[in-house]
*Asks:* 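Have a look at this one.
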Amino acid sequence: MLRSIKGVKDLLPSQTPSWHHMEATARSWAGRYGFSEIRIPIFELTELFSRSIGGATDIVEKEMYTFPDRDGSSLTLRPEGTAGVVRAVLEHRLLDSITTRKLFYFGPMFRHERPQAGRYRQFHQFGVEAFGIEDPNIDIEIISLLWNYFLDLELKDLTLHLNSIGTQQDRERYIQELKKFLSPNISSFCGNCQRRFTANPLRILDCKVPFCVEATHQAPSIIDLLSNDSGAHFQKILTGLKDLNIPFTINPRLVRGLDYYSRTTFEITSPHLGSQSTIGAGGRYDSLVELLQGPPTPAVGFAVGLERVSLLLPEESYPPATPCVFLAGFGTQGKPEAFKLLHTLRKNGITAETDHRATNLKALLRSADKLSAKYSIIVGDDEIQSGIVILRNMETKEQQSIPLKDLSEKIMILFQ
RNA sequence: GUGGGUGUAGCUCAGUUGGUUAGAGCGCCGGAUUGUGGAUCCGGAGGUCGCGGGUUCGAAACCCGUCACUCACCCCA
């Protein structure tokens, strides 16, 4: 038997209602906050991603689905959404108008990683991006949109982590300080961290090895070393979130993995997910638009991992199928007549079903029951002879005889 | 890429120190009710025991390899 590819998942009929719920709720909140939907391709020129995300990141180094197009150009299945949105925004000149500065998107992303709980090779994100706004109020808006979305989905025990990683210059200054602090006993750190010391010292703060955590406890905090501008921006966000009663934790160790982030970074985690605990994350990327040859344009956004959210959704019975009428037709004349009625009811806007495999009335009614039909219409050869069919209420078991010609009208009244 | 765990019916799982024809529950189909669903009872269908090799008189079980799934590391949503 042919199977699906490793790390990709089918969404089965039992799961699609909860996905509709996640998506509808996201649309509703994004709309309320003034974001408009954009739909962009799931593949782009490889260069778009390697330049945006950063050539030294794991994503670009080893996780992208990259393949040559027939003309030889290198294409890549998008590993994240922001780069493509920035490309589209520049291509279609959406930066100038207040109506197109705030965008949201849904869709599949692709990363070649080993699958794990809450991590897949094709996964789905809901993301928002706001362009051209320097004011910290937009950071607050975006964080509160994310927070309200999760609250509305009734996710429990969430933590909002906040940090500012400053501008490029702030970061360079900080990394020097950090290295100064670490260098005396770097040789006692784990092998990973020793590598990070030269490759990406910030990540040492993110290490989970107990020794490394302990040893960096007294490390200088980037927040204390921010430039005046970055520091003030961050402070305004903190007070703004307090004003909105959104609880947060300042986490100076919160380091984002993509190169384009600057200043504000944030992440919402849940303790109920195993090791992949981040369900939504984002931040500012003030230099990305310029990096992709647009005008200098500050920007901020987030992305939500919908598979992870779906794992946290409370058990709920989403509104099952709309009430339906079941056509129980059998016998040489009854079956074809019921099939015609099925068609007529559907044309009149009624949800109607039957079971083509069932041959006797017992099996037909059993199927009606499985489908949670509200009514069944019993049409056997006897009913064809008399021209009167039986309408059975499946909950009360009450039956009434209805002349065939009045049936549609009667059903329409029942379903009004 | 590295490490651990698990592979037996559609699903969840039993299967004794290796021993005859591999089981249960749920689900599916049928019957009890010649034309009336859910509950109950009865019956039926459904299996290359992941795959390949080896040990043995004999392997679902033991050994080797391999593949898949899964969790974790790394990293990320």
Side-chain angles (χ1 to χ4, degrees), chain A residues 1-7 9 12 14 53 56-63 78-82 106-127 146 150 190-193 195-196 199-200 203 206-209 254-258 261 266-270 273-283 301-312 326 328-331 334 355 357-383 389-399:
Chain A
M1 187 176 47
L2 260 47
R3 307 185 52 118
S4 65
I5 298 167
K6 183 199 285 289
K9 287 276 172 282
L12 303 177
S14 61
I53 297 166
T57 58
D58 279 13
I59 294 178
V60 172
E61 258 178 14
K62 50 192 187 195
E63 294 175 1
R78 62 184 184 194
E80 56 100 46
T82 301
F106 284 99
M109 308 295 164
F110 305 85
R111 291 181 200 171
H112 188 106
E113 302 178 272
R114 281 287 275 272
Q116 200 177 317
R119 191 171 73 190
Y120 310 99
R121 289 185 175 178
Q122 174 176 339
F123 60 101
H124 296 78
Q125 289 187 333
F126 157 56
L146 181 62
F150 288 155
C190 73
N192 248 324
C193 282
R195 267 202 316 281
R196 287 167 175 149
N200 191 350
R203 293 225 74 95
D206 217 19
C207 186
K208 282 141 204 139
V209 175
L254 176 61
V255 178
R256 309 266 68 234
L258 284 63
Y261 283 109
F266 55 91
E267 181 169 297
I268 293 182
T269 60
S270 159
L273 271 181
S275 127
Q276 310 302 324
S277 58
T278 304
I279 57 175
F302 67 66
V304 171
L306 294 176
E307 278 80 1
R308 290 180 187 177
V309 172
S310 78
L311 293 171
L312 296 173
F326 187 88
F330 57 103
D355 179 358
R357 286 167 40 147
T359 51
N360 55 45
L361 182 56
K362 183 192 178 81
L364 283 161
L365 287 177
R366 191 166 42 227
S367 295
D369 192 51
K370 298 247 168 66
L371 291 166
S372 315
K374 243 180 136 175
Y375 296 94
S376 286
I377 296 162
I378 297 170
V379 190
D381 289 350
D382 294 355
E383 285 71 24
V389 299
I390 299 169
L391 176 64
R392 178 181 175 85
N393 181 319
M394 295 300 284
E395 284 148 38
T396 64
K397 298 188 178 186
E398 282 173 304
Q399 298 196 157

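Predicted model only: the values in this text are computed from it and were never measured. Chain naming here is simple, since letters A, B, ... match the order of the sequence lines and numbering starts at 1 in each.
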*Asks:* Could you check whether A:Glu383 gets within reach of a base, just the sugar-phosphate, or nothing at all, counting any heavy atom under 4.0 Å?
*Replies:*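 If one applies the 4.0 Å heavy-atom cut-off, A:Glu383 turns out to touch a base.
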*Asks:* Does any nucleotide pair with B:rG3 by Watson-Crick or G-U wobble geometry, both distances under 3.5 Å, and what is it?
*Replies:* B:rC71
*Asks:* Below 4.0 angstrom, N of the basic side chain to O of the carboxylate: do A:Glu307 and A:Lys9 qualify?
*Replies:*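 Salt bridge between A:Glu307 and A:Lys9, a charged N being under 4.0 Å from a carboxylate O: no.
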*Asks:* Would you list the protein and nucleotides 37-47 of chain B atom pairs, both N or O, that sit under 3.5 Å from each other?
*Replies:*
residue : atom : partner  : partner atom : Å
B:rG37  : N7   : A:Arg392 : NH2          : 2.7
B:rG37  : O6   : A:Arg392 : NH2          : 3.1
B:rG37  : O6   : A:Met394 : O            : 3.2
B:rG37  : N1   : A:Met394 : O            : 2.2
B:rG37  : N2   : A:Asp369 : OD1          : 2.9
B:rG37  : N2   : A:Met394 : O            : 3.1
B:rG37  : N3   : A:Asp369 : OD1          : 3.3
B:rG38  : O4'  : A:Asp369 : OD2          : 2.9
B:rG38  : O6   : A:Lys397 : NZ           : 3.4

*Asks:* In the strands shown, is B:rC51 matched to any nucleotide by a Watson-Crick or G-U wobble pair with both distances under 3.5 Å, and which?
*Replies:*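 For B:rC51, the partner nucleotide comes out as B:rG65, under the 3.5 Å rule.
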*Asks:* Hey, does A:Lys374 reach any base, or is it just sugar-phosphate, or nothing, if we go heavy atoms under 4.0 Å?
*Replies:*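 Nothing: the residue A:Lys374, judged by heavy atoms under 4.0 Å, touches no strand.
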*Asks:* Which part of the nucleic acid, if any, lies within contact of A:Gly118, taking any heavy atom under 4.0 Å across all strands shown: a base, the sugar-phosphate backbone alone, or nothing?
*Replies:* base
*Asks:* Using the six-membered base ring of B:rA77, report whether A:Phe123 stacks on it, requiring centroids under 5.5 Å and planes under 30° apart.
*Replies:* yes
*Asks:* Within the pair A:Ser376 and B:rU36, is there a side-chain N or O less than 4.0 Å away from OP1 or OP2?
*Replies:*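 Negative; the distance criterion is not met.
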*Asks:* Starting at atom CZ of A:Arg114, determine the distance to atom P of B:rG4, rounded to an integer number of angstrom.
*Replies:*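 It is 12 Å, rounded to the nearest whole Å.
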*Asks:* So which one's nearest nucleotide on RNA chain B is more toward 5', A:Ser275 or A:His112?
*Replies:* A:His112
*Asks:* Just so I know, are the side chains of A:Val309 and A:Phe126 near enough to count as touching, which here means a heavy-atom distance under 4.5 Å?
*Replies:*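 Of all side-chain heavy-atom pairs linking A:Phe126 with A:Val309, none is under 4.5 Å.
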